[in-house]
Amino acid sequence: MVLYQPEFFGAEDFFFAEPVRDESFPPHLHRCMEWMYLVSGSVELQLDEGQEVLLPGQGALLLPGTIHSFRCLSAGEWFYLCFAPEWVPAFWESSRALHPDRPVFTPYPALARQLLAADGRDRLHTKGLLYLLCAEFRNQTSWQPAPKRQLEPVCRLMEQVQAGFDQPLTLEGLARTMGYEPHYLSRLVRQRLGVTFTEYLNRYRVAQSCQMLRERDWPITRIAGQCGYGSLRNFNKAFKAITGLTPRQYRQQAAAGKSTPLPSQKNGLGAPSFPGKTLY
């Protein structure tokens, strides 16, 4: 399942930097550009077109709207930086119709060290560093014409799901609210996310229910209702189709410390916890 990160969307001055250790994150997208840089260890980066493994000293620059996930392969430290494309408007305008063959490149060490220390408060200095980063990336990769992607409608739909997954949701209702034809929105969702709207909604709801089953002692019927299911039967059916377990079996395995089906790109669960609406 693909997550939409609304906090990384829209603000023209958005800048966020954070060091990370031994962390993984499910498929997601946002409007920001994202730079990942490995200090130690190894990380697998999953993209639409395949996988890349980052090693120490390597970085990856991901353009807005790129669906990506990452998984820690060996313990270590890395750094990620998310920034609005308005920080580097000349680069963004010249590259938005293009697609890099590979996102992985090796920035020169002095630039990497300065970016690791940047906080965005000195805007002129930060813009200079980001332009140098983008120039290094442009020079180290090959570019091809990018397919036209309708990002905004899909992101708006994903935001609606994250905000209201506990309520009755239909593609027709969301399309009407957003001002699109249902058939058009359905086609965009399938093209961009690789699943139907119903599949995406069920996967998001089940992912949220997994978190509740691990962390709360609520009755399963209550969890089903909190995740938007009108009947326990429908909840059990959707949950088992996605995880291979019933909700009761999942909770028992989690309580016993046994391995439970963790969210992944393959089964569409996402991650143990998600940004978005919190119901408890």
Side-chain angles (χ1 to χ4, degrees), residues 1-11 14-56 58-85 100 102-105 115-116 151 154-155 157-159 161-163 165 192-195 199-200 203-212 214-215 242-243 254 259-278:
M1 184 186 69
V2 179
L3 295 176
Y4 165 60
Q5 293 184 292
E7 66 274 27
F8 291 175
F9 193 98
F14 186 87
F15 184 95
F16 179 79
E18 184 176 62
V20 178
R21 292 194 65 89
D22 310 338
E23 190 169 306
S24 300
F25 204 80
H28 61 289
L29 63 84
H30 42 69
R31 181 179 176 270
C32 283
M33 300 175 70
E34 181 174 335
W35 178 56
M36 304 166 59
Y37 179 75
L38 213 65
V39 178
S40 60
S42 59
V43 169
E44 179 186 79
L45 177 64
Q46 178 74 46
L47 304 166
D48 283 345
E49 55 268 30
Q51 298 174 342
E52 297 277 359
V53 175
L54 293 180
L55 300 174
Q58 291 184 320
L61 187 63
L62 305 169
L63 300 182
T66 301
I67 297 176
H68 59 288
S69 64
F70 48 82
R71 180 169 64 94
C72 176
L73 296 178
S74 61
E77 182 180 1
W78 52 284
F79 174 88
Y80 77 92
L81 169 65
C82 287
F83 57 97
R102 290 186 71 217
V104 178
F105 71 113
L115 281 165
L116 294 179
L151 175 62
V154 177
C155 287
L157 180 138
M158 295 169 76
E159 187 174 21
V161 169
Q162 290 184 203
F165 69 92
R192 199 70 185 93
L193 304 183
V195 293
E199 289 171 324
Y200 178 77
R203 291 175 179 186
Y204 191 87
R205 284 172 166 169
V206 167
Q208 292 288 342
S209 71
C210 286
Q211 183 179 349
M212 296 180 192
R214 289 192 305 271
E215 298 178 0
I242 292 172
T243 68
S259 175
T260 52
L262 287 177
S264 69
Q265 190 165 13
K266 182 177 180 181
N267 65 25
L269 282 175
S273 61
F274 301 92
K277 188 170 184 179
T278 301

Inset, instruction - May I ask you to decide if F165's main-chain N or O and R205's side chain share a donor-acceptor pair within less than 3.5 Å? - result: yes

Legend entry - Contact summary for F25 and S69, nearest pair of heavy atoms: O-CB, 3.3 Å

Inset, instruction - Starting at CD of Q58, measure out to CG of L38 and round the result to the nearest 0.5 Å. - result: 8.0 Å

Inset, instruction - Would you check if the side chain of D22 reaches a backbone N or O of G76 as a donor-acceptor pair within less than 3.5 Å? - result: yes

Inset, instruction - Please examine the side chains of Y200 and M158, heavy atoms only from C-beta on, and report whether any two atoms are closer than 4.5 Å. - result: yes

Inset, instruction - Go through L54 and W78 one step at a time and tell me if the side-chain contact (heavy atoms from CB on, under 4.5 Å) criterion holds. - result: CA-CA 10 Å; L54 293 180; W78 52 284; over 6 Å; no

Inset, instruction - Heavy atoms only: give me the nearest R31-A84 pair and the separation to one decimal. - result: NH1-CB, 4.5 Å

Inset, instruction - Please work out whether the ring planes of Y80 and F16 are parallel, tilted or perpendicular, with thresholds of 30° and 60°. - result: tilted

Inset, instruction - Return yes if some donor-acceptor pair links the side-chain N/O of S24 with the main-chain N/O of C72 below 3.5 Å, else return no. - result: yes

Inset, instruction - Return the minimal non-hydrogen interatomic distance between F70 and E23, and the atom names on each side. - result: CD1-O, 4.0 Å

Inset, instruction - Kindly compute the distance separating CD (Q162) from CG (L157), expressed to the nearest 0.5 Å. - result: 10.5 Å

Legend entry - Heavy-atom side-chain contact between M33 and L62 under 4.5 Å: no

Legend entry - Pairs touching residues 59-72 that satisfy salt bridge (charged side-chain N to carboxylate O under 4.0 Å, His left out), sequence neighbours left out: E44-R71

Legend entry - Closest approach of C82 to C32 (non-hydrogen atoms, all atoms of both residues): CB-CB, 4.3 Å

Inset, instruction - Supply the atom-to-atom distance L115 CG to Y37 OH, rounded to the nearest 0.5 angstrom. - result: 10.0 Å

Inset, instruction - Side-chain contact test, heavy atoms from C-beta onward, threshold under 4.5 Å: evaluate it for L193 versus I67 and give yes or no. - result: yes

